[in-house]
Structure formats: structure tokens, C-alpha cells
Amino acid sequence: MVLLNELENSLFGLALEAGESKEIDFKSERMVHITMASLDVKKKSDEFVPLIVKTSETSKYILCTLSKPRVMQQPVQLMLNAGENVKFYLDCQQGHVNLTGYYIQEDNLMPFEQDDRAEKIAKANRELAEYMYGGGEDDSNLESEDDADDDDVDDDDDGDEEDDDEEEEEEEVQTNGKRKLNGADVKSKNQKTEEKPPKLVSADNETKKLAGGVTIKDTKVGKGPEAKKGKFVHVYYAGRLKQNGKQFDSCQSGKPFKFRLGSGEVIKGWDIGFENMKVGGKRQIVVPPNMGYGKKRMGNDIPANSTLIFDVELKAVS
């Protein structure tokens with residue numbers, strides 16, 4: 001049974017049961033901030049209880065994974081605007097999870113508080129909208145505009161250089177048949193200074209072995225901020241089984257999957273596999289069973305003792 005309660009007109013609560021068939025289609029009438037996911041330990045549950053959020057029929061990601069012997073309660077930071085629609089479900093056979101948080105009372109805020117709230121919401125939703133919905137100006141357009149500005153500046157500089165050359169020619173004196181300017185040889189205007197091409201940064205294709213047997217291989221080195229423990233990372237990924245190459249999960253468009261690195265929200269192989277990766281980079285992470293889901297079968301797609309291969313791309317760090 002699904003329960004959706006408003007406690008004292010400010011607290012928010014949502015109860016979830018195991019199974020994709022019991023998916024909850026949630027549309028908030030007011031702005032809500034979901035802050036905690038808690039496993040109901042009084043009821044039977046699988047060893048791992050993944051909480052899935054779907055933003056569309058093709059885009060879904062793991063909000064967190066709860067476990068009785070390990071993580072029974074997990075803080076989350078999910079803010080939904082009024083009218084925004086998402087779906088929740090538990091990707092397991094048994095388990096009950098409660099989502100809690102609070103509704104944001106806009107009418108009770110002072111003007112300066114509203115400004116502060118708007119700034120915080122804008123910062124939070126920048127990751128969930130600009131990066132995840134693909135909003136904002138196209139980078140290629142911005143680059144082309146910058147290039148155009150640079151070309152204009154170069155044209156102006158070229159014009160100034162030509163004027164300077166003409167002035168220098170007027171000051172030239174003939175000495176022993178050579179063209180001189182204040183004792184220095186003058187180069188012909190047609191002679192151009194050779195420019196060295198910019199150095200290209202190549203991808204580090206070396207396979208590296210990390211703790212627990214996890215291996216990583218960078219297929220593209222990023223140039224943006226670096227992923228570090230305690231930071232939120234926003235990633236695209238595709239996961240497949242090493243034994244047969246079958247894909248079991250992916251998030252490659254729309255909102256990237258977001259989690260706090262090193263906090264245990266995801267499997268251990270991810271917590272160490274994304275470390276030191278830079279925004280814009282692409283990497284392959286191979287996760288052995290002991291750093292993944294171990295001896296337990298996960299849903300219908302991941303058998304016990306499976307080695308997992310993830311092709312990932314780091315979209316943002318916050």
C-alpha cells in the first residue's frame with residue numbers, strides 16, 4: 001500500500017514497496033525537498049534494496065542503495081518544484097523504504113529569505129536542469145562566438161602592425177647597401193613568424209589496478225574539475241556483464257546519475273573507480289564481485305558473483 005502524507009502541513013512522507021510493478025508516479029503540488037531515505041527494518045527485505053528514480057520512460061538512475069547489515073538510512077538531496085513529475089520504485093523482491101522531507105512554504109518567507117532560497121534552488125537545480133536536461137547555450141556556439149571575437153581582435157592587431165611597419169619604413173636609412181632601422185635589420189612585411197601548433201593532450205590508455213581488484217582505463221582525459229571524496233559527481237554510464245557482454249543498466253542521456261563520492265551510496269567499485277577523474281573525461285571501470293554485489297543476485301539481470309564493466313563519462317562535479 002502506498003502512503004503519501006502531509007504532516008502538520010509541512011513534513012513530507014512517501015512509503016515505497018518492493019517491485020517495479022509498484023512504481024509510484026509522484027507529482028508534487030508544492031515545492032518539496034526530500035532529505036532522507038530509510039529502510040523499514042521491521043519488515044523483510046533483500047540484502048540490497050536499490051531505490052530507483054525515473055524522470056522519463058528511458059531515463060532512470062539509482063538514488064541510493066539501502067541494506068539492513070550496512071546502510072539502513074541514507075541522506076539524500078532531491079528538490080522538486082511544484083508540478084514536477086518523477087517516478088519511484090524499489091528494484092528488488094522484498095523491501096520497504098520511507099522517503100521523508102519537507103514542503104517549502106514560500107508564503108512564510110521574508111523577502112531576503114526568498115532571495116536566499118531562490119539562489120540555493122538555482123544552484124541545486126543547475127545540476128538537475130542545466131546539465132541533466134541539457135539546458136543552457138550550446139558550448140559550440142559559445143566557442144564560435146569567442147573565436148569570432150578573437151578574429152576581430154586579431155584583425156585590429158594586424159592593422160596596427162601594418163601602420164607601425166609603414167612608420168618604420170619612413171625612418172629607414174641606407175648603410176652599406178643594407179636596410180637598417182636604428183641599427184637593426186628590418187624584416188620584410190611578407191616574412192611571417194612561424195607559429196608552433198598547440199600541444200594536444202592525449203588520453204591515458206594505460207590500465208590501472210586499484211584496491212580490491214578494481215581496474216580503470218581512461219579513454220578520454222577530462223580538463224574540468226576533479227572528482228574527490230565528499231563531492232557530488234554527475235555521471236553517464238552503461239553497465240554490462242563481463243561474462244557475456246549483456247547490458248543490465250544505463251543512463252546516457254537526460255539527467256546524469258548523481259551521488260556523493262566515497263560515502264557508500266553506491267558499490268565500492270564506483271566509490272574508488274571515479275576518484276581523480278576530471279569533468280569531460282571518459283573511463284572504463286571493471287568491478288570484481290567483491291567490490292560490486294558479491295554473492296547476491298541483483299534483480300533479474302545481475303547474477304551472483306558477477307564481474308561488472310562500466311563505461312562512464314563524468315559530466316559535472318559539485
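Taking the six-membered ring for Trp and thresholds of 30 and 60 degrees, Tyr237 and Phe257 have ring planes more than 60 degrees apart, a perpendicular arrangement.
A salt bridge between Asp249 and Arg240 is absent, with no side-chain N of the basic residue lying under 4.0 Å from a carboxylate O of the acidic one. Salt-bridge annotation for Lys54 and Glu23: present, with a side-chain N of the basic residue lying under 4.0 Å from a carboxylate O of the acidic one. A salt bridge is defined here as a Lys NZ or Arg NE, NH1 or NH2 lying under 4.0 Å from an Asp or Glu carboxylate O, and Glu206 with Lys208 fails to meet this definition.
Defined by atom type and a distance below 3.5 Å, a donor-acceptor pair is present between the side-chain atoms of Asn85 and Asp25. The closest side-chain donor-acceptor pair between Gln73 and Ser38 falls under 3.5 angstrom. Between the side chains of His234 and Ser318, at least one donor-acceptor pair of N or O atoms lies under 3.5 Å. Using modelled atom types and a 3.5 Å distance limit, the side chains of Asp311 and Gln284 yield a donor-acceptor pair.
In this structure, Pro288 and Gly212 approach most closely via the heavy-atom pair CG-O, 3.3 Å. When all heavy atoms are compared, the tightest approach of Ser67 to Glu47 is OG-O, 2.6 Å. A pairwise comparison of heavy atoms in Ala37 and Val97 identifies CB-CG1, 4.4 Å as the closest pair. A pairwise comparison of heavy atoms in Ser45 and Leu39 identifies OG-CD2, 4.1 Å as the closest pair. The two atoms that bring Gln74 and Leu66 nearest to each other are CB-CD2, 3.7 Å, heavy atoms only. Across all non-hydrogen atoms, the minimal contact from Glu84 to Leu80 is OE1-CA, 3.7 Å.
Side-chain atoms of Ile309 and Val287, non-hydrogen and from C-beta on, never get closer than 4.5 Å to each other. Residues Gln77 and His33 meet the side-chain proximity criterion, which asks for heavy atoms closer than 4.5 Å. In this structure, Thr307 and Val286 have side chains that are in contact, with non-hydrogen atoms separated by less than 4.5 Å. A heavy-atom distance below 4.5 Å is not found between the side chains of Leu14 and Asn98. Using a 4.5 Å cut-off on side-chain heavy atoms (C-beta onward), Tyr89 and Ile24 make no contact. Taking 4.5 Å as the limit, every side-chain heavy atom of Val49 sits out of range of all side-chain heavy atoms of Thr65. A heavy-atom distance below 4.5 Å is found between the side chains of Pro50 and Cys92. Residues Ile62 and Val266 fail the side-chain proximity criterion, which asks for heavy atoms closer than 4.5 Å.
The distance between the ring centers of Phe248 and Phe310 falls below 6.0 angstrom. Taking the six-membered ring for Trp, Phe12 and Phe26 have ring centres closer than 6.0 Å. Centroid-to-centroid, the aromatic rings of Phe274 and Phe259 come within less than 6.0 Å.
A distance-only check finds a donor-acceptor pair linking the side chain of Ser306 to the backbone of Pro303 [under 3.5 Å]. Proximity of a side-chain donor or acceptor of Lys223 to a complementary backbone N or O of Val279 within less than 3.5 Å is not detected. Between the side chain of Asp218 and the backbone N or O of Arg283 there is no donor-acceptor pair closer than 3.5 Å. No donor-acceptor pair closer than 3.5 Å links the side chain of Asp91 to the backbone N or O of Gly299. A distance-only check finds no donor-acceptor pair linking the side chain of Asp46 to the backbone of Phe48 [under 3.5 Å]. The backbone N or O of Gly254 lies less than 3.5 Å from a partner atom in the side chain of Tyr236, making a donor-acceptor pair. A distance-only check finds no donor-acceptor pair linking the side chain of Arg30 to the backbone of Val32 [under 3.5 Å].
The cluster map of Ile, Leu, Val, Met, Phe, Trp and Tyr, joined by side-chain heavy atoms under 4.5 Å apart, puts Met36 and Phe232 in different clusters.
To the nearest 0.5 Å, atoms NZ (Lys228) and CG (Asn276) are separated by 8.0 Å. Taking CD1 of Ile34 as the reference point, atom CG of Leu63 lies at 8.0 Å (rounded to 0.5 Å). Remark: Met277 CE to Leu314 CG distance equals 5.5 Å, nearest 0.5 Å. Note: Thr100 OG1 to Leu11 CG = 9.0 Å, rounded to the nearest 0.5 Å. From Leu51, atom CG reaches atom CG of Leu16 across 6.0 Å, with rounding to the nearest 0.5 Å. Put simply, CD on Glu226 and NZ on Lys231 are 11.0 Å apart, with the number rounded to the nearest 0.5 Å.
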For Ser253 and Ser59: C-alpha separation, side-chain torsions, deciding distance, then whether side-chain contact (heavy atoms from CB on, under 4.5 Å) applies. CA-CA 7 Å; Ser253 62; Ser59 295; 4.2 Å; yes
When you look at Ile302 and Leu308, which way does the side-chain contact (heavy atoms from CB on, under 4.5 Å) test go after all the steps? CA-CA 9 Å; Ile302 305 178; Leu308 312 176; 4.0 Å; yes
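Applying the salt bridge (charged side-chain N to carboxylate O under 4.0 Å, His left out) test to every pair with at least one member in residues 259-281, sequence neighbours left out, gives no pairs at all.
The number of heavy-atom neighbours closer than 6.0 Å to CD of Gln93, taken from other residues, nucleotides and ligands shown, is 12 or below. By the neighbour-count criterion of 12 heavy atoms within 6.0 Å, atom CE of Met72 is sparsely surrounded, having that number or fewer from other residues, nucleotides or ligands.
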